[in-house]
Amino acid sequence: MSSTELPAAPATTTVLPKVAPVRVAEGEALRSVSLPGVTLTVRSRQPAREGLPPALYVHGLGGSSQNWSALMPLLDDVVDSEAVDLPGFGDSPPPDDGNYSITAHARAVIRFLDASGRGPVHLFGNSMGGAIVTRVAAARPDLVRTLTLVSPALPELRVQRSAVPTGLLAVPGVAALFTRYTRQWTAEQRVRGVMALCYGDPARVTQDGFRHAVEEMERRMRLPYMWDAMARSTRGLVNAYTLGGQHGLWRQAERVLAPTLLVYGGRDQLVGFRMAARAARAFRDSRMLTLPEAGHVAMMEYPERVAAAFRDLLRDTGAQASAAESVSASVSAGAGPVTGVTDTTDAGS
């Protein structure tokens, strides 16, 4: 076990407390999906018509499927949208084995796609979710039509100062210390802090949006595993940053076959804007959307701009639409899926 790993937690056997229901926006529906080792809550929308290609959205550290509620309705006429709550986040309970590594999260996404039979999908990821879906796309190209990464959390040599406090959650004991230190903070204070960190301009958040965020924070604070999920997922992300060779995230980015849309915000305090150039070089078939005024969650701040860029991606790659199906067909013909997501990659976080 490396110094960046947490010991695996025992399987979850206790009864979780009852908390307020998760908010469901107009046009959305929630369902629970049981898979080996995990139970996932999935948020979906009714597409404008039948037969549209599927899309799956994966949130970042501390987020949930609600992070995509502003973007999904803008794409109802081009994709059939579903967003997943990663294990331990949103309305999904912790994983049975307590493993919150990037590999474990990627494995959960792959299990869901395999079980649902919806692949290949247009796969979206933000922040930590960007690292997760990069691993998915590299390991299972048969499951991915296109890849859209919003401020993906890929390794940086020079981490921004504003990202250091979040990274410190990976240090053993810090989450417990922070919990004690902030015990008197209200949900409203916590939300203001998160928005100041994640938004380029927090003033863009509507009153309703702020109220909904406070309600979700209050709900999450009643969950006994909230900080454990945060700390272990942070540890998993830090551990993934230290991996080299074929399991390194940048090496896996180079193996992604799917057409890729990269979205970076000029005011991002968590992922350096300078990383956009490196990402453009790493992903072999990529195009870039830069939003100088956006922060870390462009799909929440500027959903119309992100939706327009994704539509451009669909238009520009229309001639390549059969590429994912060709990979899928080769797998079905007996080549076998490329798993590449093993317990040895960054397990144990």
Side-chain angles (χ1 to χ4, degrees), residues 31 33-38 40 42-44 47 51-60 65 68 72 75 78-87 92 101-126 128-150 152 154 240 246-247 249 251-262 282-286 310 313-314 317-318 320-343 345-346:
R31 73 180 191 278
V33 178
S34 295
L35 300 165
V38 294
L40 302 178
V42 179
R43 183 179 303 267
S44 61
L52 291 177
L56 183 68
Y57 306 77
V58 182
H59 64 81
S65 58
W68 301 100
M72 289 197 296
L75 300 175
V78 290
V79 293
D80 183 352
S81 292
E82 290 186 337
V84 65
D85 285 334
L86 292 168
S92 293
S101 66
I102 296 300
T103 291
H105 284 313
R107 190 183 304 118
V109 172
I110 289 173
R111 284 176 178 169
F112 171 69
L113 289 174
D114 279 339
S116 68
R118 282 168 56 86
V121 300
H122 295 289
L123 191 56
F124 292 70
N126 169 233
M128 181 183 75
I132 292 166
V133 299
T134 294
R135 182 152 289 174
V136 171
R140 291 291 303 275
D142 58 303
L143 294 178
V144 184
R145 294 172 185 258
T146 65
L147 190 64
T148 297
L149 304 176
V150 182
L154 299 175
Q246 64 176 334
H247 296 308
L249 285 169
R251 182 69 63 85
Q252 293 192 320
E254 293 170 354
R255 296 208 300 268
V256 171
L257 301 176
T260 301
L261 170 63
L262 302 167
F283 290 91
R284 65 180 70 187
D285 183 8
S286 65
F310 177 71
L313 174 69
L314 292 183
T317 61
Q320 306 175 40
S322 62
E325 285 85 346
S326 297
V327 175
S328 181
S330 67
V331 170
S332 301
V338 181
T339 56
V341 180
T342 65
D343 290 326
T345 306
D346 57 342

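Side chains included, hydrogens not; waters and symmetry mates left out as well; all remaining heavy atoms used.
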Undergrad: Working to the nearest 0.5 angstrom, can you tell me the gap between T134 OG1 and F283 CZ?
TA: 4.0 Å

Undergrad: So how far is it from S44 OG to M72 CE, rounded to the nearest 0.5 Å?
TA: 8.0 Å

Undergrad: Taking side chain as C-beta onward, heavy atoms only, is L56 less than 4.5 Å from L113?
TA: yes

Undergrad: Rounded to the nearest 0.5 Å, how far does CG of D285 lie from OG1 of T317?
TA: 8.0 Å

Undergrad: Compare every heavy atom of A108 with every heavy atom of V38, then report the nearest pair and how far apart it is.
TA: CG2-CB, 4.4 Å

Undergrad: Please work out whether the ring planes of F124 and W68 are parallel, tilted or perpendicular, with thresholds of 30° and 60°.
TA: perpendicular

Undergrad: Could you tell me whether a side-chain N or O of N126 sits under 3.5 Å from a main-chain N or O of V150, the two making a donor and an acceptor?
TA: yes

Undergrad: Where the side chain of R145 meets the backbone of A258, is there a donor-acceptor pair that is under 3.5 Å apart?
TA: no

Undergrad: Does some side-chain heavy atom of V78 sit less than 4.5 Å from a side-chain heavy atom of L52?
TA: no

Undergrad: CG/L75 to CZ/F310 distance, rounded to the nearest 0.5 angstrom?
TA: 6.0 Å

Undergrad: Side chains of L149 and T260, heavy atoms from C-beta outward: is any pair under 4.5 Å?
TA: yes

Undergrad: For Q246, what residues pass the side chain to side chain contact (heavy atoms under 4.5 Å, CB included) criterion, not counting sequence neighbours?
TA: R255

Undergrad: For residues R284 and V256, determine if any side-chain heavy atom of one lies less than 4.5 Å from a side-chain heavy atom of the other.
TA: no

Undergrad: Taking it one step at a time, do H105 and V109 satisfy side chain to side chain contact (heavy atoms under 4.5 Å, CB included)?
TA: CA-CA 6 Å; H105 284 313; V109 172; 5.8 Å; no

Undergrad: Within the side chain of S92, is there an N or O that forms a donor-acceptor pair under 3.5 Å with the backbone of D85?
TA: yes

Undergrad: Side-chain contact test, heavy atoms from C-beta onward, threshold under 4.5 Å: evaluate it for H122 versus T148 and give yes or no.
TA: no

Undergrad: Between Y57 and S65, does the side chain to side chain contact (heavy atoms under 4.5 Å, CB included) criterion hold? Intermediate values first, please.
TA: CA-CA 7 Å; Y57 306 77; S65 58; over 6 Å; no

Undergrad: Between M128 and L86, does the side chain to side chain contact (heavy atoms under 4.5 Å, CB included) criterion hold? Intermediate values first, please.
TA: CA-CA 11 Å; M128 181 183 75; L86 292 168; 3.9 Å; yes

Undergrad: To the nearest 0.5 Å, tell me how far I102 CD1 sits from Q252 CD.
TA: 10.5 Å

Undergrad: I'd like to know if the side chain of R140 reaches the main chain of I110, judged simply by a donor and an acceptor atom lying under 3.5 Å from each other, with no hydrogens or angles considered.
TA: no

Undergrad: Do D114 and L143 come within less than 4.5 Å of each other through their side chains, counting heavy atoms only?
TA: yes

Undergrad: Should the heavy atoms of other residues, nucleotides or ligands under 6.0 Å from CZ of R251 be counted, would the total exceed 12?
TA: no

Undergrad: Quick check: do L40 and L35 have side-chain heavy atoms less than 4.5 Å from each other?
TA: yes

Undergrad: If you take all heavy atoms of V144 and P120, which pair is closest and at what distance?
TA: N-CB, 3.8 Å

Undergrad: Taking only residues two or more places apart in sequence or in another chain, which ones pass salt bridge (charged side-chain N to carboxylate O under 4.0 Å, His left out) with R118?
TA: D80, E82

Undergrad: Give the intermediate values and the outcome of side chain to side chain contact (heavy atoms under 4.5 Å, CB included) for residues L261 and L147.
TA: CA-CA 6 Å; L261 170 63; L147 190 64; over 6 Å; no

